[in-house]
Amino acid sequence: MIEITLPDGSKRSFEKGISAHDVAKSISEGLARNVLSAEVNGEIVDSDRPIQEDASLKLLTWNDEKGKETMWHSSAHLMAEALEFFFPNIKLAIGPPIENGFYYDVDNGDEVISSEDLPKIEQKMLELAKQKNSYERKEISKDDAIAYFKEKQDPYKLELLEDLEDGEITFYSQGNFTDLCRGPHIPNTSYIKAVKLLNVAGAYWRGDENNKQLTRIYGISFPKQKELTEYLDRLEEAKKRDHRKLGKELELFTFSQKVGQGLPLWLPKGVQLRERLENFMREAQTKAGYEGVITPHIGSKELYVTSGHYEKYGEDSFQPISTPNENEEFLLKPMNCPHHCEIYKSQPRSYRDLPIRYAEFGTVYRYEQSGELHGLTRVRGFTQDDAHLFCTAEQVEDEFIKVIDLVLYVFKALDFNDYTAQISLRDKVDRSKYIGDEANWEKAEAAIINASKQRELETEIVYNEAAFYGPKLDFMVKDAIGRKWQLGTIQVDYNLPERFELEYIGSDDQKHRPVMIHRAPFGSMERFVALLIEHCGGDFPLWLSPNQIAILPLSEKFNEKCKSILKLLNNYDIRGFVDDRNEKVGKKIRDAEVAKVPYMLIVGEKEVENDTLSVRKHGKGDQGVMKIDAFVEHFKSELKELLTVN
RNA sequence: GCUUCAUUAGUUCUAGUGGUAAAACAGUCCCUUGGUACGGGACAGUCUCGAGUUCGAUUCUCGGAUGGAGCACCA
């Protein structure tokens, strides 16, 4: 007999060699039906694998991430089986589960597999799934494995085998398909009830661009048809919120072939939005002790040679521009920090001056490869809400806390309630790749951890993710439909103070090197606005909305009156427009709704007589009649509610 | 940059085609002056660019540009 410990701590005795599936069966039939795989003493295995000794056991179902992975991994095998049916000579590379579904990288020679082939592959998969073929595990010697794939003429599997030792090689088979695989897999193919192949794309073998490019087919599967439908609905919703689509519809920004790819053009309404965000940040920063600085868009090449950026990125960057006569070279600025370092250096500094906090909405230009440009999230010219803090090593923790507070303030004001933080530290072992002395690193890493603890951030510590010049703290937010975005970086830098020979005079009358902290709560205005658009689906918070009100005259007779009402409301800092087109109110309302204007104010004979407005709220409908003063009050209190945080 | 797919009015759009093309919305003008998601009519506007094949190309071929999906990249 062996003792099995379940996650709730309860222990049960079973015959030696019992499987996870049987354990589940002893609890309930329903559970047994839903078990996809199992975690036995921390190892994920097939649910029918015999357990030979006392063990802790976690049954994995669709509700566990690991259970989903098992399902998707098995689905990748099923897809491979279907692919071999249609393309007998296809060569298979790797087919792992991913965050949402699975893929298989394949090499089909000269025969292109396109998205048009996907439906029939999907159909075949469902057909095969119904056959209820079990996934059979088989341990196999390395020689036999090599022989098998030589026979199959699959160079990719053979390459994978090179890295494996005899004794750790297993094959899994289902139906007419056998694959080199560590497993585990679901009991049989019938667990896969719904399949959708999503797209086809190129991917390099082993992720290396020097290798051959394979065809990657992405798909996702579910144990219930309904869940697939829901998933596809979610994809639809994401499409509706796509900032590229909404940006065009709401006239926020545009691109022009003539101006150049990756260079966004901000339209008036987009500028309204962006400037409000900038002013919001400026105000918060001023309160937090920042001082504004402004630096030019180009800087001499020497500046970046000093900073080290030229050596690291010079080749892969916009090339220097030179002056016609003197032949001096200048670079478009890819970062603001070197400029800010020079500002720091413009006069001698005392420890009494520190911390110094320089903030700038600095526009930078970076050469991004054409394939990576994407809407506003990846562009070649963008504006960072950048700031650099110069402080003593002792002040790092305090400064971190202050920056965290600023970031959290922004999150609250913009309704990002679901966020986590990631602390990136050095590699635990190899410390040779980092610049700056050991003691300082220790101090800074501890400072970041302490600061996060003090502010009770939900953090994850990741080793070997720090930059060579310092540790960092990144915020991840989840948007309204659950997608994760990286936002807001705080980064310690030992490199630039060194390279620029920054100094301050300490209380001991000796020269010391300050620590520099980079931080950007929004990251870049472009990326942040993109995120914001997708987060709120274009329905911006009232304080950010480009047009807060649309005044809709019932007929042309009231146009003049409406214009004077607009002027009046403008005096209360309420912005909007009068829709004086020759259309019926129904039409005007529809257009204002589509344009996502928060408030519609309808003015006809009754309103003119009583000095009132007929108020309609976007997405909510008719709100009844209000005196103009009352509306202003109402409006102001809503604004206040939105912007009052803490 | 690589793979693959795509590109028709300002926008949307598997209308369509080897003989210069349609719809909807937006726009302009006219009629209508109307009470809470599109009143009616008229007008104007378009085939991504270059080369080739052809009597003739938006349509076929090749190449470029841009865009989508992904890979690689991301100070």
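- Residue A:Arg616 has a polar side-chain atom (N or O) positioned under 4.0 Å from OP1 or OP2 of B:A37.
- Close to B:C5, at under 4.0 Å from its OP1 or OP2, lies no side-chain N or O of A:Ser114.
- Residues A:Thr377 and A:His243 form a side-chain contact, since some pair of their non-hydrogen atoms from C-beta on lies under 4.5 Å apart.
- Put simply, A:His374 has a side-chain N or O that comes within less than 4.0 Å of OP1 or OP2 on B:A69.
- Taking 4.0 angstrom as the limit, A:Gln261 places a side-chain polar atom (N or O) nearer than this to OP1 or OP2 of B:U66.
- Atom CG of A:Leu263 is separated from atom NZ of A:Lys258 by 15.0 Å, given to the nearest 0.5 angstrom.
- For B:A69, one of the phosphate oxygens OP1 or OP2 lies less than 4.0 angstrom from a side-chain nitrogen or oxygen of A:Arg244.
- The side chain of A:Tyr204 contributes no N or O atom lying less than 4.0 Å from OP1 or OP2 of B:C73.
- Dashed line: the shortest gap from a side-chain N or O of A:Lys248 to OP1 or OP2 of B:U12 is under 4.0 Å.
- Closest approach to the A:Gln213 side chain among B:A72, B:U3, B:G67 is made by B:U3 (side chain taken as heavy atoms from C-beta onward).
- Considering only side-chain N and O atoms, A:Lys587 lies under 4.0 angstrom from the phosphate OP1 or OP2 of B:A26.
- Here A:Tyr313 reaches the OP1 or OP2 of B:A75: one of its side-chain N or O atoms lies under 4.0 Å away.
- When distances run from any side-chain atom of A:Val112 to the nucleotides B:C73, B:C5, B:G35, the shortest one goes to B:C5.
- Using Watson-Crick or G-U wobble geometry with both donor-acceptor distances under 3.5 Å, B:C71 finds its partner in B:G1.
- Classification of the A:Tyr231-A:Phe222 ring pair by plane angle, with boundaries at 30° and 60°, yields tilted.
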